[in-house]
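In what follows, every chain begins at residue 1, and chains take the letters A, B, ... in the order their sequences are listed.
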Amino acid sequence: MAVSTQRRSPTPPSEAHPEPLWPIRSLGRGSAIGHHGELLQGAFDDGSGQPHPALVTLPLPTLVTTAEFRPFPHPSTEPPTVTVSPQWKTKARAAAELLLREHVPQSAGGELVIHDAGTPPGVGLGTSTCDVTAALRATADCYRLDLPVERLATLAVRAEGASDSVMLENRAVLFGQRSGRVLEDFDRALPEMILVGCDTDPTHTGVDTLSLRPPDYTAEEIGRFRVLLGVLRHALDTGSVPLLARVAEASALINQRRLPTRGLDVLREVAARTGGLGVQVSHSGTVASIIFDPATPGVAEHVERCARLLDERGFGPARVLRVTTEEVAR
Amino acid sequence: MNRRAALADAVEAYRLPRLVRLTGNTYAAVFSLMKLLPADHILRAATLRGDVRPDTTIVETTSGTFGLGLAMRTALTGNPLVLVSDPVIDDRLRERLELLGARVDIVRDPSPVGGYQAARLDRVAQVRAEIADTFCPNQYSNPDNPLAYALAAEAVAEAVGQVDCLVGPVGSGGSMCGTANNLRTAFPEMRAIGVDTHLSVLFGQPDGHRRLRGLGNSLMPANLDHRTFDEVHWVGAAEAYQATRELFRRHALFTGPTSGAAYLVGRWFAERNPDATTVIMCPDDGYRYQDTVYHAGWLAENHLLDRGEREPTPVADPTRGTSGWAFLPWQRRSLDEVLRNEPAPVSAELRGGRRTWR
Ligand SMILES: Cc1ncc(COP(=O)(O)O)c(C=O)c1O
């Protein structure tokens, strides 16, 4: 189902104009949350007959990236240019420039500063989309543009090539990472979960999401994704962490062919031995986690044993992460 | 999410099961016409591949509900449809098929070798030779038949969540293998119980005359993957008809006799395993069977009144045939493994220490 909150943003008139069109702040701010990979990723039937690549992100509201945007003061008829710090955040810069080109006539550009959560790119924590989303929000804030999340999603996909749904905060949606389309809004927040997370391959240089082969799922796999979507809907309706963990592990297993997770067998064994409900992975990175239900009696001990066992098996340092249901402050 | 929208067409209206709670955590997956699901999916997939074009004639041998499914879809798409059948086809079904625009081609004489089944296949070949552009859905071997049941599995999972046991009748194998295999994506340890009938070759019995129709087979279909099944039951017409009537009496679900056969076995499993979430496949509704299953006089005349069987008898060797209500712990083995009485392979899915059922 499509998202219903369609707030309109001011449409800039097309003819040239000597003055900036609306009051701007001298400083725009924005932030975005990261994620811990996906609960589900695959290709889904969108009614067109062609399978649509899409994913359900596992958001981590505690992983926050902020951005600041300072506009250059004078209007310009040249395409806007943005400088970015740190300099290697080129996708964030491209996103800000794209937003200015399409929404702010005669902007000369500005200075963008990104304060990320310190997570490395390429491990699958959404670092890059997080930078891009925070940059888009800071730039939009500067011009008091109230862009709907669908628009942010489209801009993020265009700046990045592939994206995820961090701009939708912790709303659970099935998101087309290459189309920027929300294929299904589950209309439910995720239940609270505890993740024991690790990087399965810390020596790896990171995965370039765009270099991954476009998914070539078989008809059988596309059928399986459909079933997992059914389980996911039931899990969200009933707030069932065990069922979500089943979906996550099944999705990880189907996608091993595409991007194998180092040590997945070890993770599954550790989960089975410590009361973990399932293994969840980043489908375009190296992070993975074992999912626990905070409602399980004695869960704290299970989590501790799990983290210890992961450390022992060479997957340390394991981190205990909480997926909360609170509204995310921006 | 829960807003109700108009359905695109009759296929969409009838192809998916409704999940109905029977008692506790036992559910029936109730289809109006289960075979509509593979009929629609096979033609849709073939259309996407370019094997079915707007004028392609669909040719299939069937005397049952698969033909009705095909006819419903071709009535909507406009493709010509030829259904090859034999004289046992029931007149009312034939009339429905013809009203939907199908040409029903009856072979009058059985083949000297292979009987009606062979004569029908010969006739299909003949029809296809006469018409330039044809497509044969071939439900018994087309892999799109089991694949269609991803939609059924999705509907089941969405409605009931975790499934511990799936029980259903087996004819081509498409529905049980497709639904079970798809549900096991999320629930690999799920129990699958297949329901067959005496003198059906599907699970190793000799071929012979079968009174209970819609399940069982005289030929081995490629779409039957024996390794799907944890347990196989054989039931006769009397037990199945009685259970069909009980399903109606107790739960007001008006179904055909293959649903009753599945209900008999599913109820037995659920009573022994009250903690398990059990789903019983109910493939069609009862209207076609009002003069038989739902007619007490007919049952008495045909000596099909209840024999009061409430427990299945274990069998060791299905090749000797069965009677009454029989079962064999199949344990996800191939037919060969079962017939050679080899032990079950221990699969990774079942090793994980997850709960098993009686
Ligand atoms: C009424 C009914 N029940 C059960 C079945 C068996 O289903 P399947 O062919 O998928 O094994 C059929 C198949 O024709 C049927 O018509």
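For the pair B/P146 and A/E220, the minimum side-chain heavy-atom distance is 4.5 Å or more. When side chains are defined from C-beta on, A/L243 counts as touching B/F187, because their heavy atoms get closer than 4.5 Å.
Distance check, rounded to the nearest 0.5 Å: CD of B/Q162 to OG1 of A/T238 gives 11.0 Å. Between B/L151 atom CG and A/D45 atom CG the span is 7.5 Å, to the nearest 0.5 Å. Rounded to the nearest 0.5 Å, atoms CD (B/E158) and CG (A/L229) are 8.0 Å apart. Rounding to the nearest 0.5 Å gives a distance of 10.5 Å between CZ of B/R184 and CZ of A/R224.
More than 12 heavy atoms of other residues, nucleotides or ligands shown are found within 6.0 angstrom of CZ on B/R53. Other residues, nucleotides and ligands place no more than 12 heavy atoms under 6.0 Å from the CD atom of A/E301. The number of heavy-atom neighbours closer than 6.0 Å to CZ of A/R226, taken from other residues, nucleotides and ligands shown, is above 12.
For the options B/L48, B/T47, B/D144, B/N182, heavy-atom pairs under 4.5 Å to chain A are most numerous at B/N182.
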* To do: Please report the C-alpha distance between A/I254 and B/T185 in whole Å, then the side-chain angles of each, then the deciding distance to 0.1 Å, and finally whether the side-chain contact (heavy atoms from CB on, under 4.5 Å) criterion is met.
  => CA-CA 9 Å; A/I254 299 173; B/T185 308; 4.0 Å; yes
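The minimum heavy-atom distance between B/P188 and A/R246, with the atom names listed, is CD-NH1, 3.8 Å.
Neither the backbone nor the side chain of B/A155 comes within less than 4.5 Å of any heavy atom of chain A. There is no contact between B/V156 and chain A, counting heavy-atom distances below 4.5 Å. Contacts of A/V247 with chain B are absent, with no heavy-atom separation under 4.5 Å from either backbone or side chain.
Residues from residues 8-25 of chain B never place a non-hydrogen atom less than 4.5 Å from a non-hydrogen atom of chain A.
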